[in-house]
Each structure stands twice: as C-alpha cells, then as structure tokens.
Amino acid sequence: MLLIMGFPPQPQFHMPFRSRLNPHVDQARLHAEEWAGRMGMFDEEYLAWPERWSEKTFTRADFPLFIALTHPDADADELDLVTSWHVALWFVDDLFLPLFRRDHDQASAEAQVERLMPFLPLDALPRPLSPDNPVERAFAGLWTRTAATMSPLWRDRFVSSVRRFLEGVLWELEHVDDAVSDLIEYLGARRDFGGLQFTAVLMEHGLGELPPNVHGRREFRTALDAFVDGVSLHNDIVSYDREVEEGTVGNNGVEVTHNALGVDRRGAVEVVNALLTARVNTLADAPAHVPPEAAAFIEALQEALAGSYRWHELTGRFGQATAGSLGMPRGMGTSAVYAFRRHTSASSRTVGLTGP
C-alpha cells in the first residue's frame with residue numbers, strides 16, 4: 001500500500017463494472033469552459049474560494065470527463081447539457097461552504113436556496129426573473145431546454161432532486177464546524193448533499209423516462225441508493241486528504257467513522273471501504289431484482305459508478321495523480337487514449353487516497 005502525504009494508505013477498491021468513454025468528450029470540454037465563463041463562474045469575486053474556479057483549476061478538474069465517463073452513450077448535445085447542469089451544481093458545492101461559512105451566515109444561505117427554486121418552474125415556462133449570479137443564470141438557461149420533452153412527473157422528480165441537493169448543502173454548511181458524530185445520520189445526509197440523486201434523475205433525460213410504477217418499487221430504490229452511496233463513499237475516501245487541508249473534513253465519512261467508532265484513520269478507511277464494497281455488490285445484484293423495464297437503467301448506473309471511479313483516478317481535482325494515471329495526457333485530442341485505457345477496468349484495483 002502507498003502512504004501519501006501522511007494520510008491513511010489507499011485501500012483496494014472493489015469494482016466489478018467496466019467504464020466506457022463518450023466519444024464527444026473533447027467537444028464537451030470546449031463547451032463547458034466557454035459556458036462556465038459565460039455564466040460568470042470565473043469572475044474575479046469567485047477566484048478566492050480558493051482559486052477553485054479559475055480557468056486553470058477548472059481545466060485540471062476535467063468535469064466533462066466525469067460526465068463523458070458516466071454518460072457514455074449520450075449524443076453531443078445531450079452531453080453538453082448534462083455537463084452544464086453538473087458544472088452548475090459543482091459550482092454550488094465548491095463555493096457555497098466558503099462563501100457563507102466565512103460569516104456563519106446560515107440565513108443568507110437559506111435565502112439563496114429559496115431564490116434558486118423559482119428558476120425551475122414545474123410547467124417549464126419562462127418566468128420574469130432576473131438572475132444575478134452564475135447559478136441563477138445557469139438554471140434559467142438550462143431548465144427550459146431540459147424540461148421541454150419530459151413529463152410533469154419527471155419534472156417533479158428533477159426539481160425535487162435539486163431541492164434535495166440544495167437542502168443537503170445547507171445541512172453540510174450547518175455541520176461543517178460542528179461535525180456530526182453519528183454514522184447512520186451521516187450516511188442519510190450524504191445521500192442529499194452529494195447530489196447523486198440529481199445525477200440519476202438527469203440520466204433519464206437521455207436514456208428515456210422510466211415508467212412511474214418503477215420508482216415506487218423498493219428494489220429500484222435500493223439499487224438507486226446503492227449507486228448514490230457507492231459514488232459518495234468512494235469520493236469520501238479519495239478526497240479525504242484534500243478536505244483535511246481545506247478544513248471541511250468534518251463532513252467526510254472517513255472522519256465521521258473515526259470519531260463515531262473510536263478507530264484510527266486507517267481503521268476508519270477500512271470500515272468505509274467495507275461499506276462501499278457492500279453497496280457495490282448490492283448494485284451488482286440489482287438487475288435481477290428490479291422490474292424488467294428498469295434493468296437497462298440499472299446497468300447504466302453500474303457503468304456510471306465505474307466511470308466515477310475512473311474519473312477520480314484521472315482528474316486533477318484532488319491535487320495529484322494516482323499511480324494509475326501518472327503521465328496520462330490531458331487536453332484536446334487525448335480522448336482516444338482514454339478510450340483505449342478504459343478497457344483496463346477490472347474487478348478490483350487500487351486507487352490512491354490522493355486523487356489525480
């Protein structure tokens with residue numbers, strides 16, 4: 001095992017699924033950076049939190065690669081749309097905490113959430129609203145395009161997933177300096193502030209809406225929760241050292257486990273990885289238990305989970321590269337390299353605690 005920066009050693013991650021890369025990834029990279037700039041996400045006022053949203057750090061994070069690995073079959077327009085939505089929510093996730101935490105201003109954070117929701121009307125009709133920050137501009141521009149072809153029931157699921165994410169971010173803001181010490185409470189909250197419910201709902205936009213009866217089935221909800229937990233717990237392990245440095249580790253599952261169970265951080269990583277492995281296995285078993293019309297969607301979630309693991313190996317978001325991605329080329333014209341490397345996903349592999 002490799003010990004990085006004095007933090008717990010990397011575990012062996014169990015990953016039985018294979019990832020695939022969307023061939024439109026290079027176009028999505030160009031679109032995402034241009035779109036984020038047009039929304040104002042690189043404006044001077046946001047560069048100090050902590051330079052997370054400069055064009056340089058945005059490029060290094062390679063958010064479009066995450067979407068290309070989790071939506072391998074989306075056409076170019078759909079990939080651009082889904083990437084833009086996720087960039088908007090990443091912007092909230094990265095800047096909400098430092099912006100409102102600075103002045104311990106929970107009331108203003110709650111007011112901002114309430115300002116955002118009217119930009120997502122269930123009828124998808126334009127409203128006479130004047131967006132005044134990047135997220136409001138993003139919501140206003142993306143929602144009509146997204147909702148136009150979807151049913152009222154899907155729109156309600158989508159809006160509810162955004163609300164759930166934003167309320168989860170408020171929970172995270174409230175607890176970041178007074179960390180929760182109950183692992184069960186944390187796991188429930190993590191499903192919200194991680195935003196993965198939103199990811200799953202948005203996947204239906206490209207794959208096709210699931211019948212209403214599917215969403216009410218316990219087996220489907222169990223599979224969906226397993227996907228959400230899989231991405232979230234893996235991220236907690238991989239992002240641990242970065243969150244220690246940023247002072248936000250109180251909302252990380254490794255730290256919560258360390259405090260709740262009284263184990264050292266190495267032991268906490270082992271516990272979280274055991275939970276993660278169990279959730280991956282639940283998702284692996286799910287296609288045999290969900291209604292037949294949902295089986296293809298669950299298989300798409302399996303590929304998306306593998307894609308998320310791969311993105312964590314390749315992105316520059318977490319500071320430095322894992323051993324598996326050192327020396328990998330980046331930028332335009334490198335998608336063929338990733339397409340070749342995607343076939344190396346295997347049943348188990350080691351991914352560094354310090355992500356690439």
Side-chain angles (χ1 to χ4, degrees), residues 10-11 13-22 61-72 74 82-83 85-87 89-90 92-94 161-162 164-165 168-169 172 186-204 207 220-240 242-243 248 251-254 256-257 269 271-286 297-315 317-318 322 342 345 348-349 351-353 355-356:
Q10 58 187 8
F13 289 127
H14 172 58
M15 176 42 58
F17 316 126
R18 292 186 179 275
S19 63
R20 293 184 294 127
L21 183 73
N22 191 297
D62 207 353
F63 298 129
L65 179 63
F66 174 85
I67 306 304
L69 285 165
T70 55
H71 296 72
V82 174
T83 300
W85 272 115
H86 281 80
V87 166
L89 266 63
W90 260 306
V92 172
D93 190 47
D94 282 354
S161 72
V162 174
R164 185 172 177 177
F165 165 72
V169 172
E172 191 180 15
Y186 170 80
L187 291 172
R190 187 67 171 91
R191 291 176 180 171
D192 294 338
F193 69 77
L196 276 304
Q197 300 284 346
F198 162 86
T199 297
V201 173
L202 188 54
M203 285 179 69
E204 288 184 68
L207 295 173
F220 180 81
R221 295 197 307 271
T222 296
L224 188 60
D225 284 346
F227 165 74
V228 170
D229 293 345
V231 177
S232 299
L233 293 173
H234 175 255
N235 179 265
D236 277 357
I237 295 172
V238 172
S239 65
Y240 180 81
R242 187 194 77 171
E243 292 176 15
T248 59
N251 289 328
N252 182 291
V254 173
V256 173
T257 301
V269 168
V271 170
V272 174
N273 192 38
L275 289 172
L276 171 58
T277 298
R279 301 311 281 152
V280 170
N281 287 335
T282 296
L283 187 60
D285 293 339
F297 183 82
I298 297 302
E299 289 168 1
L301 291 181
Q302 292 175 344
E303 283 195 326
L305 181 58
S308 175
Y309 276 46
R310 192 67 178 130
W311 176 74
H312 279 80
E313 293 176 3
L314 296 172
T315 181
R317 182 168 168 81
F318 301 107
T322 58
R342 71 174 182 258
S345 299
S348 292
R349 62 172 180 267
V351 182
L353 267 177

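If you're wondering where the values come from, they're calculated on a predicted model, not measured in any experiment.
Atoms CG and OG, from Asp225 and Ser232 in turn, are 10.0 Å apart once rounded to the nearest 0.5 Å. Separation of atoms OH (Tyr309) and CG (Leu314) is listed at 15.0 Å; rounding is to 0.5 Å. Rounding to the nearest 0.5 angstrom, the gap separating the CG atom in Leu65 from the OG1 atom in Thr83 is 10.0 Å. Between atom CG of residue Leu196 and atom CG of residue Leu301 there is a gap of 10.0 Å, rounded to the nearest 0.5 Å.
The minimum heavy-atom distance between Asn22 and Pro72, with the atom names listed, is ND2-O, 3.2 Å. Between Ala304 and Phe227, the shortest heavy-atom distance links the atoms CB-CE1, 3.9 Å. Considering every non-hydrogen atom in both Leu283 and Gln302, the closest pair reads O-NE2, 2.9 Å. Closest approach of Trp311 to Ala61, counting heavy atoms only: NE1-O, 3.3 Å. A pairwise comparison of heavy atoms in Asn252 and Glu243 identifies ND2-OE1, 3.0 Å as the closest pair. Residues Gly307 and Thr70 approach most closely at C-CG2, 4.3 Å, considering heavy atoms.
Counting heavy atoms from C-beta on, the side chains of Tyr240 and Val269 never come closer than 4.5 Å. Side-chain atoms of Arg317 and Phe66, non-hydrogen and from C-beta on, never get closer than 4.5 Å to each other. With a 4.5 Å cut-off on side-chain heavy atoms, Met15 and Leu305 count as touching.
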Quick one: do Phe13 and Val280 satisfy side chain to side chain contact (heavy atoms under 4.5 Å, CB included)? Show the steps, please. CA-CA 10 Å; Phe13 289 127; Val280 170; over 6 Å; no

Step-by-step side chain to side chain contact (heavy atoms under 4.5 Å, CB included) determination, Tyr186 to Asp236: CA-CA 12 Å; Tyr186 170 80; Asp236 277 357; 2.4 Å; yes

Kindly determine whether Val238 and Asn235 satisfy side chain to side chain contact (heavy atoms under 4.5 Å, CB included), including the steps that lead there. CA-CA 5 Å; Val238 172; Asn235 179 265; 5.7 Å; no

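A salt bridge links Asp229 and Arg191; the closest N-O separation between the charged side-chain nitrogens and carboxylate oxygens is under 4.0 Å.
Ring planes of His312 and His234: perpendicular class, angle over 60° (limits at 30 and 60°).
A distance of 6.0 Å or more separates the ring centres of His86 and Phe63.
Put simply, the side chain of Asn251 gets close to the backbone of Glu172: a donor and an acceptor are under 3.5 Å apart. Between the side chain of Thr257 and the backbone N or O of Gly253, at least one donor-acceptor pair lies under 3.5 Å. Checked by atom type and distance alone, the side chain of Arg310 never pairs as donor or acceptor with a backbone atom of Leu69 at under 3.5 Å.
Applying the salt bridge (charged side-chain N to carboxylate O under 4.0 Å, His left out) criterion to Asp192, with sequence neighbours excluded, gives Arg164. Evaluation of the side-chain hydrogen bond (donor to acceptor under 3.5 Å, both in side chains) rule for Trp85 yields Thr146 as partners, not counting sequence neighbours.
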